[in-house]
Amino acid sequence: AYEYGISSEVEADDFKKPAYYQKTDNQIEKFADMLEHPYFDGKKLKAKQAWTDANTHASSEVILSQMKQRIENHEKEQEAA
């Protein structure tokens, strides 16, 4: 909290990070849904770590976009096989 100019514990208790540092409920739901896809069997730990490391709205969107692309590629491979 000190990095945001908060100097007391009372202020820190009431402090919330700015919106651009928070994942939205929609993003969290999308992540949970995509994580259940068969592509992520055996890869969930790595995906969860990337999700945890994504600490802004924009970086969360990048992770979701990458996950979507991997799922689409996986499904195309399955259709071709």
Side-chain angles (χ1 to χ4, degrees):
Y2 295 107
E3 67 187 280
Y4 298 105
I6 293 175
S7 57
S8 75
E9 288 186 31
V10 172
E11 286 180 59
D13 287 342
D14 292 335
F15 180 73
K16 293 190 189 298
K17 288 184 179 181
Y20 55 87
Y21 283 115
Q22 299 178 17
K23 294 174 176 85
T24 65
D25 290 341
N26 188 31
Q27 287 175 318
I28 293 167
E29 187 177 321
K30 282 182 183 177
F31 175 78
D33 288 347
M34 284 194 276
L35 196 61
E36 295 306 314
H37 190 277
Y39 172 80
F40 289 102
D41 289 349
K43 300 173 185 154
K44 289 182 182 180
L45 190 61
K46 187 175 180 181
K48 286 180 182 178
Q49 184 60 52
W51 183 247
T52 301
D53 293 344
N55 58 4
T56 65
H57 179 83
S59 60
S60 298
E61 281 299 315
V62 169
I63 297 295
L64 292 174
S65 177
Q66 290 173 346
M67 289 176 73
K68 182 179 178 187
Q69 187 63 48
R70 289 182 178 143
I71 287 170
E72 288 173 357
N73 289 345
H74 175 78
E75 288 175 351
K76 286 178 187 173
E77 290 173 8
Q78 296 302 311
E79 289 174 9

Suppose we screen for side-chain contact (heavy atoms from CB on, under 4.5 Å). Which residues come up paired with Asp33, at least two apart in sequence or across chains? Glu29
Side chain of [X], backbone of [Y]: donor and acceptor closer than 3.5 Å?
X: Lys23; Y: Trp51; answer: yes
X: Ser60; Y: Thr56; answer: yes
X: Gln22; Y: His57; answer: no

Identify every side-chain donor-acceptor pair in residues 41-48 under 3.5 Å, counting partners at least two apart or on other chains, and give the distances.
residue	atom	partner	partner atom	Å
Lys43	NZ	Tyr39	O	3.4

Tell me which pairs pass side-chain hydrogen bond (donor to acceptor under 3.5 Å, both in side chains) where either residue lies in residues 70-81, with sequence neighbours left out. His37-Glu75, Gln69-Asn73
Is there side-chain contact between Met34 and Lys68, with heavy atoms separated by less than 4.5 Å? yes
Quick one: does Met67's side chain get under 4.5 Å of Phe40's, heavy atoms only? yes
Between atom CD1 of Ile63 and atom CD of Gln49, what is the distance when rounded to the nearest 0.5 Å? 10.5 Å
Group every Ile, Leu, Val, Met, Phe, Trp and Tyr by side-chain heavy-atom contacts under 4.5 Å, then state whether Val62 and Ile71 land in the same group. no
